[in-house]
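Just below is one structure, and these are the notes that go with it.
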Amino acid sequence: MEPSKNIPEDFLKPYNSLEKEGEILSLWESSGYANPDVCVEKGVTAVDAETFSIVLPPPNVTGTLHMGHAAMLAIEDILIRYHRMKGYKTLWLPGTDSAAIATQSKVEEALYKEEKKTRHDIGRENLLARIDIFTEASKAIIIDQTKRMGSSLDWSRYAYTMDAPRYKAVMTAFVRMYESGLIYRGDRIVNWDPKLQTTVSDEEIEYKEQTDPFFYMQYGPFQIATVRPETKFGDKYVVMHPDDERYAQYEHGEQIELEWINGPITATIIKDEAADMEFGSGVMTITPAHSLVDFEIAQRHGLDIEQVIDDRGILLPIAGEFAGTHIKKARPMIVEKMKEKGLLVRVDEKYVHNVATNSRGGGMIEPQIKRQWFVGVNREFTIPHSKIPGIASGSTTTLTALMRASVASGSIQIVPEHFEKIYSHWVDNLHDWCISRQIWFGHRVPAWTKDGEIKVSIESPGEGWEQDSDTLDTWFSSGLWTFSTLGWPDDTSDLRTFHPTSVLETGYDILPFWVARMILMSAFLMGEIPFHQVYLHGMVRDGQGRKMSKSLGNIINPLDMIEKYGADATRLSLVIGAQIGNDLKLSEDRVRGYKHFANKVWNITRFVLESIESRVGPWDSTVLNDEDEEKVREAHRLAADVSKHLDSFRLDLAADLVYHFVWHRFADEIIEESKAVLKGNDPALRTSKQRMLYEILIISLKLLHPFMPFVTEAIWQKLPALSSVEGPEKESDLLMVAKWPQLR
RNA sequence: GCACCUUUAGCUCAGUUGGUUAGAGCGUUCGAUUCACAUUCGAAAGGUCGCAGGUUCGAAUCCUGCAAGGUGCACCA
């Protein structure tokens, strides 16, 4: 068969992703089809169609796209494109996150590097202005990178955590929770970061293993041990287990005199089960102001709590001669003094322990007692209306009860299922949530004080009222994300149409941080679940299964992959072989392999078009003979299987199935077998083959589209207006909104 | 310490409620081809399904124990 002159020229060379992708992107963008309203207007979606909605987990404004984002975008876009083609009213809503602590610390670092100034030198307003400039500049980068993955997000609904509608939502949520008695102020021990001068949530703490000298000291008749002698000045309680026979002679509450760092003190014996008999001597002294465990012991027994270290890490007057010294400097000096006084028994130089650090770019955590705002997760309140199974409208309940009921009732399904256990374990152990932060960038606490009086309201209560200087934990606003992005607290049509959202797709590492808090907020404020299903994907690792990190130098940048192999290949490499919830090993070779596949699809099209155009026969519905009809049916059966896998979130199997069909069944067998007939002289047989090949090509393009939208759309755009050659007409201008194949 | 995940071909992984000779891709070896394919196609080799028990007519699949690797949570003064 001689090559046709009528083949679009592009098909005569290999598929060039770099050249096509920009073109296709602007085609999609100008079509407006990512917006469900446009789809209804243009008649591609029925007015009363079922809805399918996903809210994009907003990437940090200051970040750049990494493979984790790329995987998230690929997975969600596949689900979105699939449902859009199936005729759902489909919304994928984009946004970005201000990432309060991380962003502010970045700007502060730059400020110090460039001008040797701290935030206190330039003041709140100036710092916020600088942060604005910084975030506006980097926002554009992450948005552009997100688009290049082929994400069919509806940018007309774009939301930013710090924009005005979201700010209003956060303020409203705070006030409502306060009025229901769920938000309270209290002095509690919190994770204090002396470097960033703010509290840090439990989840944001990262424990790092460290080797330090371990000091054994004589404390009256007891031996105690510590890594941190600088906290020991105020220790006047000595704790042991009530069942520890070695210390049976001591009574709870008994007082003993002893010589300590700065002279004689009176210590009180406390018997508490928190003391571990197996560890060291089984005796410890406590520092309630700077240790969570010690604080709890002190509370149980009503003990005095004295602060020893201030917010910046400086010793207070209680430290006597060491007062005013930074703890780092003071430690060796204190050890030296104890040695002189004969209090130091021995030192274990190789003691390995975990040290709490702030994972958001901060320093070592120094627990402190602070006046903070809290959400009481176990406080009772009356829920006005509830659609959550097991929770009646008007009943008395708690936030943890709502969180439990939402998942336990099956109302929210977590995929893979075993994460439901992790979720419930987390909810069961939830402490009151400290929501105030002492940083400046963020949603400011809507509380006002005047002459010791306090009022909570969105607007200032009037003249002379001063607003609380704290801002809210970034997860407080993130918790509202599924509905604040849809217009809440206003009763918008978007909110009525798209909430609860269909699926929340995110990495499994973020389950407690975010997923649980969205369930909490949605249950309390909306009386409903935020999403029906939670799909958790795994982490993207390097070819050897290691975490990608700068220090290892094994980072694979998604944008490099897009440039070298195309966005389609990049997407496929992140989906095929990635089982739900399991980590994925990604190597450049994988991506390269899928680039070949994009080219294969390109060439299949070329062959089919050549076969059709050079030998056009009349098209009609009876043109297919039984043998070819069966092949088309086979493709439809495949479509059904692919749909089944997509419906159960097995994107890996769905993609693998189409990949295998297109390459090894359609190209290797069906096309190969058809060559003889196409070259032959029987017009009826030939026409049947042509029609069969064309129909299977169309089905293949549709099935491939969610996975590799660029190459398939590029092909679709080049398909000749087949009506003019009497072929089946192209049913829509864009493949993006073509109809998903149905079983026939 | 507690919980969870993983373990199937050299590598990366499928194997859905237990059911014939356990599959794919990459890689390897051999062959064909430049007739849609910056190539492609065909064929072959390669597995005691982590180990040990158990249930069953039948187990990669279910149960128990163990081992190795990984992750999360807790944490010790």
Side-chain angles (χ1 to χ4, degrees), chain A residues 1-4 7 11-16 202-203 205 207 214-217 219 222-229 231-232 235 238-240 274-287 291-294 297 351-356 416-422 424-426 428-429 508-509 511-512 538-539 541 543-547 573 576-587 589-590 592-611 641 644-645 648 650 652-653 656-657 659-660 663-664 667-669 671-672 675 678-679 693:
Chain A
M1 182 174 63
E2 68 281 6
S4 161
I7 288 288
F11 288 107
L12 300 178
K13 36 182 200 190
Y15 174 63
N16 183 338
D202 291 345
E203 287 76 22
I205 285 184
Y207 287 93
F214 198 48
F215 305 99
Y216 290 81
M217 296 175 300
Y219 189 80
F222 308 107
Q223 237 184 57
I224 60 161
T226 185
V227 187
R228 309 195 50 196
T231 63
K232 295 287 155 194
D235 289 15
V238 56
V239 183
M240 59 209 68
D276 181 356
M277 289 189 273
E278 307 292 315
F279 189 84
S281 63
V283 177
M284 63 177 174
T285 61
I286 57 169
T287 314
S291 152
L292 177 63
V293 180
D294 293 2
I297 295 171
Y351 179 67
V352 180
H353 65 138
N354 290 320
V355 178
E417 208 184 339
H418 74 259
F419 280 105
E420 289 188 7
K421 271 189 209 160
I422 295 173
S424 67
H425 183 257
W426 187 81
D428 290 343
N429 294 300
Y508 63 70
D509 54 332
L511 181 75
M539 304 292 111
R541 296 168 175 280
Q544 285 137 58
R546 302 172 304 176
K547 257 185 189 159
S573 71
I576 296 188
Q579 236 229 81
I580 310 176
N582 282 353
D583 292 350
L584 171 78
K585 294 186 185 121
L586 181 78
S587 60
D589 285 343
R590 271 176 76 92
R592 191 180 297 123
Y594 292 118
K595 178 198 163 87
H596 291 152
F597 181 58
N599 194 50
K600 184 77 185 178
V601 178
W602 190 252
N603 273 299
I604 287 171
T605 308
R606 172 179 170 181
F607 178 84
V608 172
L609 292 186
E610 280 178 357
S611 313
D641 289 341
K644 198 186 75 197
H645 285 313
S648 53
R650 290 304 304 263
D652 56 327
L653 295 183
D656 194 54
L657 217 50
Y659 175 91
H660 201 257
W663 198 321
H664 302 295
D668 291 354
E669 293 173 4
I671 287 183
E672 288 304 321
K675 283 180 179 173
L678 290 169
K679 283 181 202 159
L693 291 177

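Computed from a predicted structure; not experimentally measured. We use all heavy atoms of the structure for the numbers below, so side chains are in, but hydrogens, waters and symmetry mates are not.
- The listed nucleotides are rA38(B), rG15(B), rA77(B); the one nearest the side chain of Asn603(A) is rA38(B).
- Shown here are the ring-ring contact (aromatic ring centres under 6.0 Å, His included) partners of Phe11(A), two or more places apart in sequence or in another chain: Trp602(A).
- Residue contacts for Ile286(A): at a heavy-atom cut-off of 4.0 Å it reaches no nucleic acid atom on any strand shown.
- In this view, Ile224(A) and Met217(A), Tyr219(A), Trp260(A), Val283(A), Thr285(A) satisfy the side chain to side chain contact (heavy atoms under 4.5 Å, CB included) rule, not counting sequence neighbours.
- Going from the P atom of rC11(B) to that of rU28(B) covers 15 Å, rounded to whole Å.
- Comparing the C1' positions of rC63(B) and rU21(B) gives a spacing of 28 Å, expressed to the nearest Å.
- Remark: Tyr659(A) engages no residue in a side chain to side chain donor-acceptor pair (under 3.5 Å) (not counting sequence neighbours).
- Using atom C1' as the reference point in both rU8(B) and rG25(B), the two lie 15 Å apart (nearest Å).
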Dump the pairs, protein N or O against N or O of nucleotides 41-45 of chain B, anything under 3.5 Å, distances to one decimal.
unit_1  : atom_1 : unit_2    : atom_2 : d
rC41(B) : OP1    : Trp663(A) : NE1    : 2.5
rC41(B) : OP1    : Asp668(A) : OD1    : 2.9
rC41(B) : OP1    : Asp668(A) : OD2    : 3.3

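- Map Ala578(A) and Phe11(A) each onto its nearest nucleotide of RNA chain B; the residue landing nearer the 5' end is Ala578(A).
- Remark: Asp235(A) engages Lys232(A) in a salt bridge (Lys or Arg N to Asp or Glu O under 4.0 Å) (not counting sequence neighbours).
- Ranked by how close their nearest RNA chain B nucleotide is to the 5' end, Val227(A) and Tyr659(A) are led by Tyr659(A).
- Going from the C1' atom of rG50(B) to that of rU61(B) covers 16 Å, rounded to whole Å.
- Side chains of Tyr508(A) and Asp583(A): a donor on one and an acceptor on the other come within 3.5 Å.
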Both atom distances under 3.5 Å, Watson-Crick or G-U wobble: I'd like the secondary structure of RNA chain B as a dot-bracket string, with | for pairs made across strands. (((((((..((((.....[...)))).(((((.......))))).....(((((..]....))))))))))))....
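- When the C1' atom is used for both rA3(B) and rA45(B), the distance is 43 Å, rounded to whole Å.
- The CD1-P distance, from Ile604(A) to rA36(B), rounds to 13 Å in whole Å.
- More than 12 heavy atoms of other residues, nucleotides or ligands sit less than 6.0 Å from atom NE2 of His664(A).
- A search for side chain to side chain donor-acceptor pair (under 3.5 Å) contacts involving Lys644(A) returns nothing, not counting sequence neighbours.
- Remark: Gln223(A) engages no residue in a side chain to side chain donor-acceptor pair (under 3.5 Å) (not counting sequence neighbours).
- Using C1' as the reference atom, rA68(B) and rA22(B) are 24 Å apart when rounded to the nearest Å.
- Scanning both residues, Thr287(A) and Asp294(A), for their nearest heavy atoms gives N-OD2, 2.8 Å.
- At the heavy-atom level, Lys595(A) lies nowhere under 4.0 Å from the strands shown.
- The same atom, P, is picked in rC51(B) and in rA9(B); the two are 11 Å apart, to the nearest Å.
- Within the nucleic acid shown, Ser648(A) has no heavy atom closer than 4.0 Å to any nucleic acid atom.
- Between the CE atom of Met284(A) and the C1' atom of rA77(B) there is a distance of 6 Å, rounded to whole Å.
- Taking CG of Asp668(A) as the start and NE2 of His660(A) as the end, the distance is 8.5 Å to the nearest 0.5 Å.
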With 3.5 Å as the limit, what N/O pairs link the protein to nucleotides 66-76 of chain B?
unit_1  : atom_1 : unit_2    : atom_2 : d
rC75(B) : N3     : Asn354(A) : ND2    : 3.0
rC75(B) : N4     : Asn354(A) : ND2    : 3.1

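- Arg650(A) pairs by the salt bridge (Lys or Arg N to Asp or Glu O under 4.0 Å) definition with Asp652(A), not counting sequence neighbours.
- Within the nucleic acid shown, Asn582(A) comes within 4.0 Å of sugar-phosphate atoms alone, with no base atom in reach, counting heavy atoms only.
- rG58(B) and rG46(B) have their P atoms separated by 29 Å, with the value rounded to a whole Å.
- In this entry the distance linking CZ of Arg590(A) with P of rC26(B) reads 13 Å, nearest Å.
- Residues meeting the side chain to side chain donor-acceptor pair (under 3.5 Å) test with Asp509(A), sequence neighbours left out: none.
- Shown here are the salt bridge (Lys or Arg N to Asp or Glu O under 4.0 Å) partners of Lys675(A), two or more places apart in sequence or in another chain: Glu672(A).
- Residue Arg592(A) has no polar side-chain atom (N or O) positioned under 4.0 Å from OP1 or OP2 of rG27(B).
- In the interface, the side chain of Lys675(A) is paired with the base of rA36(B) through a donor and an acceptor atom under 3.5 Å apart.
- Taking only side-chain atoms of His418(A), from C-beta outward, the nucleotide of rC4(B), rA24(B), rU6(B) with the closest atom is rC4(B).
- Residue Leu653(A) is classed as a sugar-phosphate contact, given heavy-atom separations below 4.0 Å to backbone atoms only.
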